[in-house]
There are 2 protein chains.
Amino acid sequence: MELSPQIEDYLKNIYQLQTRYGRVPTTALAERLAITAASVTGMVRKLAGLGLVDHEPYHGVRLTASGESLALQIVRAHRLWELYLVQALEVPWDQAHVEAEQLEHALSQGLADRLAEVLGHPTADPHGHPIPSRNGDVARRGGVPLDHLPAGEAGVVVQIRDDTPELLRYLGKLGIYPGEHVAVLDVAPFEGPLRVQIGDRTEVLGRRVAGHVMVHSEATLHERQRV
Amino acid sequence: MELSPQIEDYLKNIYQLQTRYGRVPTTALAERLAITAASVTGMVRKLAGLGLVDHEPYHGVRLTASGESLALQIVRAHRLWELYLVQALEVPWDQAHVEAEQLEHALSQGLADRLAEVLGHPTADPHGHPIPSRNGDVARRGGVPLDHLPAGEAGVVVQIRDDTPELLRYLGKLGIYPGEHVAVLDVAPFEGPLRVQIGDRTEVLGRRVAGHVMVHSEATLHERQRV
DNA sequence: GCTATAATTTCGATATGCCTAAATTCTATA
DNA sequence: TATAGAATTTAGGCATATCGAAATTATAGC
């Protein structure tokens with residue numbers, strides 16, 4: 001099936017919204033796509049006609065099986081490009097997203113497979129978001145926001161959520177990437193900032209920022225020291 | 001200036017036709033873009049309005065300076081991708097064109113420069129077509145069709161002209177690439193096929209095929225043997 | 001130079017994807 | 001449970017880029 005870039009964007013964004021919030025309201029989609037709700041209604045009716053979404057008027061949309069399968073191909077294309085740009089072309093990770101946004105619509109199945117091969121069949125992009133496999137399998141990566149970790153607990157960064165270029169540049173400067181080990185040394189009272197150990201350095205992180213850093217709790221700092 | 005992929009395609013194709021044949025008739029463009037002449041007339045009027053082409057009704061179009069400058073950016077994007085796909089991703093050269101056709105519209109100035117840098121600021125794509133520089137300089141590569149070389153003359157392949165995937169696959173099998181040395185051993189009478197030496201092998205080439213292989217005459221076979 | 005034919009343009013239509021404004025439906029709260 | 005305000009859809013329009021058919025202009029042969 002040959003889809004317009006617009007339709008591809010709809011599918012991708014419906015997918016991303018529904019994975020987090022379930023059935024997607026028209027307005028949420030409209031906001032993400034930066035178009036009016038009226039336009040979304042129109043397009044969504046068309047997508048329903050194509051059998052790609054299930055649209056209950058006034059109650060949002062949800063991808064059908066075939067819609068989801070197509071959405072996953074776009075997500076795959078996007079994330080493969082992001083990783084490729086960062087890894088092979090050394091594009092700064094905060095810029096990769098914008099470029100990938102264009103490139104994702106210009107990636108054939110064959111070339112996608114080639115990228116995946118060159119990258120060693122990766123399962124996550126530079127932000128830690130899972131890269132769907134060719135047949136649409138997605139590894140859920142989960143994690144909890146860093147600011148939910150109690151003082152003294154350690155973990156591994158698994159993904160950066162809701163990232164913006166500015167946030168990514170900041171985190172990059174701090175050396176906070178997926179795969180890095182972090183430990184919460186202490187938390188200032190009254191929902192205050194966190195003192196965090198990253199590698200051999202100590203940084204102070206605001207809660208807003210920490211909330212975007214998803215970690216897998218690994219072991220308490222105490223336990224790690226015993227090892 | 002932000003242009004639609006369609007407009008980019010018009011500019012690119014006008015550029016390529018006008019470099020070879022001068023002022024471009026509507027019909028020639030229509031045929032290349034696989035759309036009707038009526039559609040071309042409409043679009044061409046629009047391009048003229050944007051100051052990108054000079055349109056003399058009933059006498060074809062020609063790019064203005066700013067139109068040509070934009071066209072060169074597209075050609076640059078296309079050829080950078082082609083080379084990158086072949087060299088870095090090992091895509092077969094007969095497939096690179098189709099992929100690049102899509103990717104060329106999704107290449108930012110910055111990423112184009114990055115590709116060029118990674119490739120070592122190349123001046124030609126895998127087919128030997130010149131890659132315009134960032135500021136629009138194009139190295140004319142010329143060459144004469146291989147079948148214009150008299151028997152006994154040698155040369156270097158500089159480019160493959162009017163290539164199709166089938167032709168490219170065939171030439172690839174014969175080991176005929178830009179940069180390769182070839183020598184015409186003899187030519188069968190009545191516009192017959194050519195016996196050609198390629199590296200240390202000898203192949204027989206039909207005239208149709210040889211006509212697509214552009215070479216720079218280098219030295220006669222006789223002279224080369226003396227060296 | 002006239003005319004048949006080819007090239008090109010004009011004209012009216014269509015599909016896509018977006019918009020604004022108005023109408024409708026939903027939902028939370030009094 | 002009635003209703004105000006929010007969410008959503010409907011209705012009418014617009015720009016882009018395409019088409020086929022008809023009209024116009026160019027050109028080549030007589």
Side-chain angles (χ1 to χ4, degrees), chain A residues 1-15 17-18 20-63 67 70-71 74 101-102 104-106, chain B residues 1-15 17-18 20-63 67 70-71 74 101-102 104-106:
Chain A
M1 187 159 6
E2 186 57 34
L3 303 173
S4 68
Q6 281 87 345
I7 291 186
E8 293 188 343
D9 281 336
Y10 273 85
L11 294 179
K12 183 183 71 168
N13 283 285
I14 294 172
Y15 172 79
L17 286 169
Q18 84 174 19
R20 279 183 66 177
Y21 307 111
R23 193 169 266 279
V24 180
T26 321
T27 332
L29 240 188
E31 196 185 343
R32 254 180 101 112
L33 294 167
I35 59 183
T36 63
S39 304
V40 171
T41 300
M43 179 60 107
V44 142
R45 198 168 13 160
K46 181 182 175 171
L47 295 181
L50 292 172
L52 301 177
V53 303
D54 159 39
H55 180 215
E56 286 230 36
Y58 296 101
H59 293 96
V61 284
R62 151 173 300 249
L63 294 171
L70 288 167
I74 314 301
E101 205 70 30
Q102 297 305 118
E104 67 189 9
H105 304 297
Chain B
M1 191 162 356
E2 186 57 34
L3 304 172
S4 68
Q6 282 88 342
I7 291 188
E8 293 188 343
D9 280 336
Y10 273 85
L11 294 179
K12 183 183 70 169
N13 283 285
I14 294 171
Y15 172 79
L17 287 169
Q18 81 173 22
R20 281 184 65 177
Y21 306 110
R23 194 169 266 278
V24 180
T26 321
T27 334
L29 240 189
E31 196 186 342
R32 254 180 100 110
L33 293 167
I35 58 183
T36 63
S39 305
V40 171
T41 300
M43 180 60 108
V44 142
R45 195 164 17 148
K46 180 180 173 171
L47 295 181
L50 293 172
L52 301 177
V53 304
D54 159 40
H55 181 216
E56 287 231 34
Y58 295 101
H59 296 284
V61 285
R62 151 171 301 251
L63 294 172
L70 288 167
I74 314 300
E101 204 70 32
Q102 297 305 119
E104 67 189 8
H105 304 298

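Heavy atoms only: backbone and side chains are in, while hydrogens, waters and symmetry mates are out. In what follows, every chain begins at residue 1, and chains take the letters A, B, ... in the order their sequences are listed.
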dT9(D), OP1 or OP2 - any side-chain N/O from T26(A) closer than 4.0 Å?
yes
Closest non-hydrogen atom pair between H55(A) and A48(A), with its separation
CB-CB, 4.2 Å
OP1, OP2 of dA17(D) versus side-chain N and O of S4(B): anything below 4.0 Å?
yes
Does S39(B) have a side-chain nitrogen or oxygen under 4.0 Å from the phosphate oxygens OP1 or OP2 of dC19(D)?
yes
With a 4.0 Å limit, can you tell me whether H55(B) has a side-chain N or O closer than that to the phosphate oxygens OP1/OP2 of dT9(C)?
yes
Per side-chain contact (heavy atoms from CB on, under 4.5 Å), L63(A) is matched among V24(A), L47(A), L52(A), I14(A) by I14(A)
Could you tell me how far apart Y21(A) (OH) and dA7(D) (C1') are, to the nearest whole angstrom?
18 Å
Measure the distance from CD on E8(B) to P on dA17(D) and round it to the nearest whole Å.
11 Å
In whole angstroms, how far is the C1' atom of dT16(D) from the CZ atom of R45(B)?
14 Å
Respond yes when some side-chain nitrogen or oxygen of Y10(A) is under 4.0 Å from OP1 or OP2 of dC18(C), and no when none is.
yes
E31(A) CD - dC18(C) P separation (whole Å):
16 Å
Separation of dG17(C) atom P from H105(A) atom NE2, nearest Å, is 12 Å
From the set dC19(C), dT16(C), dT9(D), return the single nucleotide nearest to any side-chain atom of K46(A).
dT16(C)
Between CG of L3(B) and C1' of dT16(D) the distance, given in whole Å, is 14 Å
With nearest nucleotide decided by heavy atoms, which residue, A37(A) or H59(A), maps closer to the 5′ end of DNA chain C?
A37(A)
Atom CE of M43(A) and atom P of dC18(C) are separated, to the nearest Å, by 5 Å
Could you state the interatomic distance from CD1 (I35(A)) to CE (M43(A)), rounded to the nearest 0.5 Å?
7.5 Å
Nucleotide nearest Q6(B) when distance is taken to its side chain, options dT9(D), dT18(D), dG17(C)
dT18(D)
Could you state the CG-P distance from D9(A) to dG17(C), rounded to the nearest angstrom?
11 Å
Roughly how far, to the nearest 0.5 Å, is CG of N13(A) from CG of L33(A)?
4.5 Å
Candidates dA17(D), dC18(C), dT9(D) - which lies nearest the side chain of I35(A)
dC18(C)
Counting only side-chain heavy atoms from C-beta out, which of dC19(D), dC26(C), dT9(C) sits nearest to Y58(A)?
dC26(C)
Closest non-hydrogen atoms of E101(A) and K12(A), given as atom of the first, atom of the second and distance, are OE2-NZ, 2.6 Å
